[in-house]
Amino acid sequence: MSQRVAVIDYGMGNLHSVASALAHVGAGEVHVTCDPEEIRAADRVVFPGVGAIRDCMAEIRRLKCDELLASALTEERKPVLAICVGMQALMSRSEENGGVDCLDIIPGQVRHFCSTVQGPHLLDASGERLKVPHMGWNEVKQTLPHPLWHGIADNSRFYFVHSYYVHAEDRSLQAGALHYGVEADAALAIDNLFAVQFHPEKSHTAGLQLLRNFLEWNPAC
Amino acid sequence: MGLAKRIIPCLDVDNGRVVKGVNFVGIRDAGDPVEIARRYNEQGADEITFLDITASHEGRDTTVHTVEQIAEQVFIPLTVGGGIRSVEDIRTMLNAGADKVSINTAAIHEPELVRRASERFGAQCIVVAIDAKRVDDVDGKPRWEIFTHGGRKPTGIDAVAWAVKMADLGAGEILLTSMDRDGTKNGFELGVTRAISDAVDIPVIASGGVGNLDHLVEGITLGGADAVLAASIFHFGEYSVPQAKAYMAEHGIEVRL
């Protein structure tokens, strides 16, 4: 079945990569939009995000994307995929930009990689210094079975680029774990919502498979 | 296991054509950046860097079009550099589909551009390119300076101090090219690579001088780089990206296989 996907655009950067990748894996129509009608008409919704959280949150609220997202999630109960800053925006609060209140759809915090570090640098288990931003291909441990992991080997590498990481209060929501000096939530799953810190649209074979899975996902809820 | 070290093939593009072309088995158009980027994507490259060396202003439209075509077909990160002078130039490239934009000379003329760009688009997409050359030692210690105009014009700026300043202004990554080594195939200038990698918290890409796979290994193990960039060893079919990764893995470096 051809799928109509809305990629919510709140004006914070390039969403063509997400749209191209969705089209590449078989989405029938991809609309990059903040138009309520187009989002309501879509079968599935992608909530992306790049840039700094304060500006993102300001635009999300100004364009009422928060209401559109809430409606897609809880009223229309569509499959929703949140990506990177889109995932962070779902949490209660972020430490970025001196502290910003987020959407609080998933209770939890967004922290800087160095915020709980004792000493000048983030270190790995063997004491080696880690660079921030966390940029590049890292392994994701699948901590929950989920249809979006279908056909993707456990500990596959995905492309990350971020300095802040998500920690959900309810640990049972973690669907994927990332280790980078600290343990972070690489993926969260709750009902018809799946959120990822990495960029599936930039993660080659594994990322495209996750997007393909998203197009075929029928959450029972 | 953790974050993989990255291998980044670099395409030098002039008016929409890859300079000197490539030599892969079965490639139809050795100068087409889109086909070459797609090949590197299939080979498992971790990112692709596209360096625009087009001199003419009109040629810039060609570049934007090429970036758009690559972004539609290549699902790994794409960095675009060369001739980026303003926040508007950065926006154009990001909108065309670049994931990161690399700023070189413009950062030297106007360091605040790095801050403005980083605040506007996020540090994750702002790469500062540094072209460094070894100059006379100071107090018995090696010193590297920033050079512009393809390594011909000294600026008097200390390369390590500059990298620190760029990181403070909001750069998300440093692309370090040794102008002493670029094109020589004698390997990276490991001294400046190590000095900058130790001095900044952001990732450093080593560039300039790769002639064999040991050079890639040294860039990581001795230079402390987070990623290695090379052009000719991949373009002319001397080594493939999978060969390079297998070799690095044999030497204990974590790579995405």
Side-chain angles (χ1 to χ4, degrees), chain A residues 12-21 23-25 49-56 84-85 96-97 113-114 120-122 124-126 128-139 141 155-163 178-181 199-208 211, chain B residues 1-8 41-42 44-47 67-78 90-101 118-127 167 170-174 197-198 200-205 224-227 254-257:
Chain A
M12 288 300 294
N14 162 38
L15 305 177
H16 295 294
S17 300
V18 182
S20 304
H24 186 82
V25 297
V50 289
I53 194 75
R54 184 181 52 210
D55 292 353
C56 282
C84 194
V85 178
E96 195 176 1
N97 304 127
F113 271 111
C114 298
H121 302 297
L122 183 68
D124 72 6
S126 59
E128 199 184 326
R129 183 179 151 212
L130 299 172
K131 299 293 184 80
V132 178
H134 172 232
M135 186 186 288
W137 300 79
N138 212 333
E139 292 172 329
K141 172 83 191 145
N155 298 313
S156 289
R157 289 183 186 275
F158 290 86
Y159 187 80
F160 289 85
V161 52
H162 59 128
S163 301
L178 160 73
H179 287 274
Y180 193 67
H199 287 272
E201 76 281 12
K202 289 290 159 186
S203 295
H204 200 214
T205 317
L208 294 175
L211 294 177
Chain B
M1 298 294 273
L3 188 63
K5 301 297 181 184
R6 291 168 280 155
I7 293 189
I8 309 176
N41 178 42
E42 285 162 13
D46 296 310
E47 291 184 26
V67 170
E68 281 170 353
Q69 285 182 297
I70 293 177
E72 270 170 28
Q73 301 175 35
V74 172
F75 301 107
I76 57 174
L78 173 67
I90 297 169
R91 186 205 314 275
T92 302
M93 287 306 171
L94 293 177
N95 284 345
D99 298 287
K100 308 184 219 178
V101 172
S118 180
E119 282 175 359
R120 176 72 184 81
F121 306 109
Q124 82 289 339
C125 66
I126 304 302
V127 181
E173 195 171 34
I174 299 287
S197 194
D198 284 347
V200 298
D201 279 323
I202 58 177
V204 174
I205 305 166
D226 301 281
E254 198 161 347
V255 291
R256 177 177 70 106
L257 291 169

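Just so it is clear, the structure is predicted and the values come from calculations on it, not from any experiment. Worth knowing before you read on, the calculation uses all heavy atoms, side chains too, and leaves out hydrogens, waters and symmetry mates. In what follows, chains are A, B, ... by sequence order, proteins preceding strands, each numbered from 1.
Contact annotation for A/H121: only side-chain heavy atoms (C-beta onward) come within less than 4.5 Å of a heavy atom of chain B. The contact between B/R256 and chain A is made by backbone and side chain atoms together, counting heavy-atom distances below 4.5 Å. Residue contact with chain A, scored on non-hydrogen atoms closer than 4.5 Å, involves the backbone and the side chain of B/D201 alike. The contact between B/E119 and chain A is made entirely by backbone atoms, counting heavy-atom distances below 4.5 Å. At a 4.5 Å heavy-atom cutoff, A/D124 makes no contact with chain B through either its backbone or its side chain. Both the backbone and the side chain of B/S197 have a heavy atom closer than 4.5 Å to some heavy atom of chain A.
Ranked by heavy-atom pairs shorter than 4.5 Å toward chain A, the options B/A96, B/G122, B/P203 are led by B/P203. Ranked by heavy-atom pairs under 4.5 Å with chain A, the list B/I76, B/L257, B/L78 is led by B/I76.
Judged purely by distance below 3.5 Å, without hydrogens or angles, the side chains of B/N95 and A/H16 never pair a donor atom with an acceptor atom.
When all heavy atoms are compared, the tightest approach of B/F75 to A/H24 is CE1-CG, 3.4 Å. For the residue pair B/V200 and A/K131, the shortest heavy atom distance occurs at O-CE, 3.6 Å. Minimum interatomic distance between A/S17 and B/D99 (heavy atoms only, all atoms of both residues): OG-OD1, 4.1 Å.
Contact of the A/N138 side chain with the B/L3 side chain is registered, since non-hydrogen atoms from C-beta on lie closer than 4.5 Å.
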